[in-house]
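I have placed the structure first, in the form of structure tokens, so that the comments after it can refer back to it.
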Amino acid sequence: MYKYVLKRILMLIPIILGVSFIVYIMMDSAQGNALDVIGIDYSAEKLAELYHQYGYDRSVFYRYFIYMKNLFHGSLGSSMIYKKDVWDLYLQRLPATLKLASASVLLSILFSIPLGIVSAKHHGSLVDNASMVGALVGLSMPNYWLGLMLAVVFSQKLNLLPSGGNLQGFKSLILPAITIGTGLMATMTRTTRSSMLDVIRQDYLRTARAKGVPEKKVINVHALRNALIPIITVVGTEMGKALGGAVVTENVFSWPGVGRLVIEGVNQRDTTLVTGCIILTAVMVSIVQLVVDILYAFADPRLRAQYSTGRKKRAGIERKGGAQA
């Protein structure tokens, strides 16, 4: 297992190289740069000095090489707009993004897994058809539209919840969490239903019923345990999406997270800030996927047996080689 974890960690290197190169080149190809924003009141001489200082009088590949050189020395650079280290800015915004992503995923799990189980158990019924229609509707609604509609209804019309920011604690979290969680819930419901349908009529479940095991335990313990792998995969994938894809929702609700910081950097043409945030988000998503892969071994006894068998075989080979020597 440790070799697999080490291999996944080493795979972060090409991911960081690929992500940083694409983001850096795309930001450079956009019209203007951060000096056009911060240098409005500067003289021509001062502006020319800044262009030379930040390498804008050299090619984009030269600037990218310098950026990566600093990155592999542990520096993400400093934001030209905020005049702060990118790492510090990211850490300031990360808790808000983690809170929103966790709340969205938790909300989708609480509703989608029970609904998927019920749909699979009553396959072809009115409940099943209604849940699938609801899931299709949830997948079809864009986050920006749903967020705006929720803000109009619950903030402007009913005056029940705040329309933006995070100053009111849990109440501020409800609308953005529902906005992101609706799409996640739709995907997770369909996956849970499909996975449960694959196992719900297996022979071992018939045997459990024949032995007198209660139906509730057959479904919620035996069937669900064997259907967990696809569900865990979707949960991990959706958590990654929530961490990296909450940009629109954070802007709709003025949520002070990483997504909104990235948009601010893009609007101000702050290449260093945007590249650093995207790199750190890519690392976060990769870590989530690694945790999901590790959870497979805990969810599926067959995978645990494979790891144990692999260790025993290696130990046997080593003992055999020592005896022959």
Side-chain angles (χ1 to χ4, degrees), residues 9-94 96-97 142-144 240-252 254-289:
I9 292 174
L10 291 176
M11 284 176 62
L12 286 175
I13 296 176
I15 290 174
I16 290 173
L17 289 173
V19 168
S20 61
F21 181 78
I22 293 172
V23 174
Y24 207 93
I25 296 301
M26 289 183 67
M27 285 294 297
D28 187 80
S29 64
Q31 185 177 4
N33 55 59
L35 291 178
D36 295 335
V37 178
I38 64 176
I40 296 177
D41 299 325
Y42 291 163
S43 64
E45 293 78 10
K46 178 64 175 178
L47 198 57
E49 180 184 342
L50 289 174
Y51 262 79
H52 179 72
Q53 177 183 341
Y54 289 106
Y56 282 107
D57 56 346
R58 307 288 291 272
S59 71
V60 61
F61 299 103
Y62 171 81
R63 295 198 303 275
Y64 175 73
F65 173 78
I66 297 299
Y67 179 84
M68 294 306 298
K69 180 181 176 181
N70 294 332
L71 177 64
F72 283 102
H73 280 86
S75 174
L76 285 168
S78 178
S79 168
M80 297 174 63
I81 301 297
Y82 292 99
K83 307 297 182 182
K84 292 183 179 179
D85 190 83
V86 173
W87 176 253
D88 294 334
L89 287 170
Y90 188 87
L91 289 183
Q92 289 174 7
R93 300 291 188 99
L94 181 60
T97 295
N143 282 358
Y144 63 85
K241 287 182 180 179
L243 286 172
V247 177
V248 174
T249 303
E250 288 186 3
N251 277 273
V252 168
S254 300
W255 187 261
V258 174
R260 192 175 178 207
L261 180 63
V262 171
I263 291 297
E264 292 170 357
V266 171
N267 290 335
Q268 304 286 352
R269 300 295 187 269
D270 195 337
T271 303
T272 304
L273 175 61
V274 175
T275 306
C277 289
I278 297 297
I279 287 174
L280 291 174
T281 301
V283 172
M284 290 285 295
V285 172
S286 299
I287 291 173
V288 170
Q289 295 301 319

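All values below were derived from every heavy atom in this structure, side-chain atoms included, with hydrogens, water molecules and symmetry-related copies excluded.
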Show the nearest heavy-atom pair for residues [X] and [Y], with the distance to one decimal.
X	Y	answer
Val262	Cys277	CG2-CB, 3.7 Å
Val266	Arg269	O-NH1, 2.7 Å
Ala282	Ile15	CB-CG2, 4.4 Å
Val285	Gly240	CG2-O, 3.6 Å

Side chain [X], main chain [Y], donor-acceptor under 3.5 Å:
X	Y	result
Asn251	Val247	yes
Trp255	Ala96	yes
Arg58	Arg63	no
Glu250	Gly259	yes
Asp88	Lys84	no
Thr97	Val258	yes
Ser20	Leu17	yes
His73	Lys69	yes
Asp270	Ser79	no

Is there side-chain contact between [X] and [Y], with heavy atoms separated by less than 4.5 Å?
X	Y	result
Leu76	Tyr67	yes
Met68	Leu71	yes
Asp28	Thr271	no
Met27	Val23	yes
Phe21	Ile25	yes
Thr249	Tyr144	no
Leu261	Tyr82	yes

Q. With no hydrogens and no angle check, do the side chains of Ser78 and Asp85 hold a donor and an acceptor under 3.5 Å apart?
A. no
Q) Any chance the side chains of Ser59 and Tyr64 put a donor and an acceptor closer than 3.5 Å? A) no
Can you measure from [atom1] ([X]) to [atom2] ([Y]) and round to the nearest 0.5 angstrom?
X	Y	atom1	atom2	value
Gln289	Met284	CD	CE	12.0 Å
Asn267	Ile81	CG	CD1	10.5 Å
Tyr24	Ile278	OH	CD1	14.5 Å

Q) Would Trp87 and Leu280 count as a side-chain contact (heavy atoms from CB on, under 4.5 Å) if you check the C-alpha gap in whole Å, the side-chain angles of each, and the deciding distance to 0.1 Å? A) CA-CA 9 Å; Trp87 176 253; Leu280 291 174; 3.5 Å; yes
Q. Do other residues, nucleotides or ligands put more than 12 heavy atoms under 6.0 Å from Phe72 CZ?
A. yes
**Q.** Residues, nucleotides or ligands: over 12 heavy atoms within 6.0 Å of Lys83 NZ
**A.** yes
